[in-house]
Amino acid sequence: MDKVKTYQNFIDGKWTAPRSGRYYPDINPADDRDIVGNFPLSDKEDADDAVAAAHRAFAAWSQMLPSEREKCIERFVVLLDQNRQRIGEALCREEGKTLKEAQGEPARGVVECRYFLGEGQRLEGITMPSDRPGVMSIAARVPIGVVAAIAPWNFPFLTPLRKIIPALVTGNTVVFKPAYDTPHCGVLLMELFEKAGLPPGVVNMVIGRGSVMGDAISGHPLVRGITFTGSTSVGRRINTMAAGHFAKVQLEMGGKNPAIVADYRDLDHAAAQIAAAAFAVTGQRCTSISRLIVLREHAEVLEERIAEKMKGYVLGNGMDPKVTMGPVVNGAAGEAIMAYIQSARDAGAVVKLGGRRLTGGAFDRGFYIEPTLITDVTPGMKVAIEEIFGPVLVSIKVDSFDEAMAVANDTEYGLAASLFSDNLGYIYRFQREIETGMAHVNHGTVTDGCMPFGGVKGSGLGAFSKGATNKDFYMTYKVNYIKYLP
Ligand code: NAP
Ligand code: MG
């Protein structure tokens, strides 16, 4: 194998070694012999340097004509489009999802970037006739300042893009912290910004442990907004740090997303949609369906059909085109998922399909867990309450639609939910009463690229992302008055 490459932080337009001089190896989750690269173990001081650079760059970038900023970002989008194949392959190697899933990220990224470039032409404010003679008043939208973008590993290319591009289009500067497990995708992104000729300091990246430098970023007084995607516990910490200096937050956090099935004629379609939503990206999506809540009369047939779909998954290294499910991201995540499956057995639930870690041959080089369906789960069980973030679907039987809604809402989370039903009354009630940011009827939890995205309760706080709603996070107002004296 080639010599392992060492990568750096990207601060003020320069590739910069961490002050500690320390690095860590990033390992391919599908093959532990394959080291993707060595990456910086940054400290608080590196984060401070990045914030300072972003702060220096803010004055010029925020005052630049939007059309000039747009040209820079447009160059980036063209490069992104040209490099999709290469990025997809690197992403598959670093994160472990299948090549097809990995290639979806830059492809979708191009579409979403183009949409947000359009939003850049609609940074409209508010004007009104004044109630005083000779007075003109304009509420203009203005950028907030330095934005920290903190991202998870599960969509290591798309999630950072969804944060950085809107920040730049609206005139902010950025300090980006990629997840510890996926720094290489961060490096690829920065390389494209560098090639696109973005002015130094407009986008900066510090790599390392969130537990070491996270507080330094989200607690920094010059950071005016933090856009975060990750777990609810880290989101809570960031919210506390931000409150100390009144920084804005956009928090996208965990989920325990239900799919309710009640009075639906096409159980086969429901099974296909639920299995896809539960097991895509090895179940490591924030919007994964993880709880099936089904009327007792449908349960047996539906569970059987879902199990049939699950048997079709081929596990292995995602680079192999035959493979349809990759490993989980790392050993610690794998152990935690296996402990959840065991807790369900201990609580009296039934592992209907899967439930094992695969071993032998290539499977020993990563952490591969069979797609798992657990039935006879009751609402109080740990697997019914906590986010598992792996290829595990639990099935809870209920006796009425009222009970289904009560179980669906009895969670700290509120990200996404699905209902499969032909009953208009159920559909109406679901869309009104489900306590989630996104409510899907008769399909899984796939979203549109340009629609607002977000959650409520423990799943989200602040403006919804992706769509036009993003402007409410990345911008504030300045209300200007002019008095004319004749
Ligand atoms: P995580 O542990 O919360 O980490 C997310 C990011 O926060 C990582 O970059 C992490 O750095 C960083 N971080 C850790 N501690 C920090 C601190 N004290 N201050 C600031 N940053 C800190 O989440 P994950 O395990 O990577 O991702 C899985 C979670 O993300 C799941 O809960 C999933 O539901 C959620 N998620 C939500 C959405 C959504 O849109 N709602 C989308 C995708 C994922 P390190 O990597 O260095 O620890
Ligand atoms: Mg890794």
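Every number for a ligand or one of its atoms is a count from 1 in the order of the listing.
- Scanning the protein for heavy atoms near atom 27 (O) of ligand 1, the closest one is P152 CB, 3.5 Å.
- In the candidate list T229, V329, N257, T229 is nearest to atom 5 (C) of ligand 1, counting heavy atoms.
- On a distance-only criterion, G210 and ligand 1 share at least one N/O pair closer than 3.5 Å.
- For atom 8 (C) of ligand 1, the closest non-hydrogen atom on the protein side is A151 O, 3.3 Å.
- Ligand-side atoms of ligand 1 in range of F228: 3 (O), 5 (C), 6 (C), 7 (O), range being under 4.0 angstrom from any heavy atom.
- Atoms of ligand 1 found under 4.0 Å from any heavy atom of C286 (numbered from 1 in listed order, with element): 34 (O), 36 (N), 37 (C), 38 (C), 39 (C), 40 (O), 41 (N), 42 (C), 43 (C), 44 (C).
- Remark: ligand 1 and W153 share an N or O pair separated by less than 3.5 Å (distance only, no angle test).
- Under the 4.0 angstrom criterion for non-hydrogen atoms, P178 is in contact with ligand 1.
- Numbered from 1 in the order shown, with element, the atoms of ligand 1 that lie under 4.0 Å from a heavy atom of R209 read 47 (O).
- Contacts of R19 classified as side chain to side chain contact (heavy atoms under 4.5 Å, CB included), with partners at least two apart in sequence or in another chain: E45, D46, D49.
- Both tests hold for K97 against F155: distance to the six-membered ring centre under 6.0 Å, angle to the ring axis within 45°.
- Within the 4.0 Å heavy-atom shell around ligand 1 one does not find F155.
- Remark: distances from the non-hydrogen atoms of S465 to ligand 1 are all 4.0 Å or more.
- Aromatic ring centres of F453 and F464: separated by at least 6.0 Å.
- For ligand 1, the polar-atom distance check against K177 finds a nitrogen or oxygen pair separated by under 3.5 Å.
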Below 3.5 Å, can you tabulate the donor-acceptor pairs from side chains in residues 271-282 to any protein atom, sequence neighbours excluded?
unit_1, atom_1, unit_2, atom_2, d
Q273, OE1, G444, N, 2.7
T282, OG1, G326, O, 3.1

| Run the side-chain contact (heavy atoms from CB on, under 4.5 Å) check on I207 and K177 step by step: do they pass? | CA-CA 6 Å; I207 296 169; K177 190 206 112 30; over 6 Å; no
| task | Check the pair E119 / R122 against salt bridge (charged side-chain N to carboxylate O under 4.0 Å, His left out), numbers first and verdict last. | result | CA-CA 5 Å; E119 279 301 314; R122 291 186 287 275; 3.1 Å; yes
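- From the protein, the heavy atom lying nearest to atom 20 (C) of ligand 1 is G214 CA, 3.3 Å.
- Shortest contact from atom 41 (N) of ligand 1 to any protein heavy atom: M253 O, 2.6 Å.
- Ranking protein heavy atoms by distance to atom 22 (C) of ligand 1, first place goes to V234 CG1, 3.5 Å.
- For atom 35 (C) of ligand 1, the nearest non-hydrogen atom of the protein is G230 O, 3.1 Å.
- Remark: ligand 1 and Y180 share an N or O pair separated by less than 3.5 Å (distance only, no angle test).
- Defined by atom type and a distance below 3.5 Å, a donor-acceptor pair is missing between the side-chain atoms of T324 and K100.
- Among M241, K256, E387, R285, the residue whose heavy atom lies closest to atom 32 (O) of ligand 1 is E387.
- The closest side-chain donor-acceptor pair between D181 and N330 falls under 3.5 angstrom.
- Side-chain atoms of T182 and E94 include no donor-acceptor pair closer than 3.5 Å.
- The protein heavy atom nearest to atom 21 (N) of ligand 1 is I150 CG2, 3.7 Å.
- Of the candidates D181, N154, T447, the one placing a heavy atom closest to atom 44 (C) of ligand 1 is N154.
- Aromatic ring pairs are classed by plane angle as parallel below 30°, tilted from 30° to 60° and perpendicular above 60°; the pair F363 and Y368 is perpendicular.
- For T159, no heavy-atom contact with ligand 1 is shorter than 4.0 Å.
- Taking any N or O of F453, backbone or side chain, none lies under 3.5 Å from an N or O belonging to ligand 1.
- Side-chain atoms of Y23 do not come within 3.5 Å of backbone N or O of Y7 as any donor-acceptor pair.
- The shortest N or O to N or O distance between S231 and ligand 1 is under 3.5 Å.
- Under 3.5 Å, the side chains of E252 and S465 contain a donor-acceptor pair of N or O atoms.
- Atom 28 (C) of ligand 1 has F389 CE2, 3.5 Å as its closest protein atom, hydrogens excluded (heavy atom only).
- Residue G208 has at least one N or O atom closer than 3.5 Å to an N or O atom of ligand 1.
- Aromatic ring pairs are classed by plane angle as parallel below 30°, tilted from 30° to 60° and perpendicular above 60°; the pair F389 and W153 is perpendicular.
- Between E412 and K457, none of the side-chain N atoms (NZ, or NE/NH1/NH2) sits under 4.0 Å from a carboxylate O, so this pair counts as no salt bridge.
- The main-chain N or O of V383 is found under 3.5 Å from a side-chain atom of K256 such that the two form a donor-acceptor pair.
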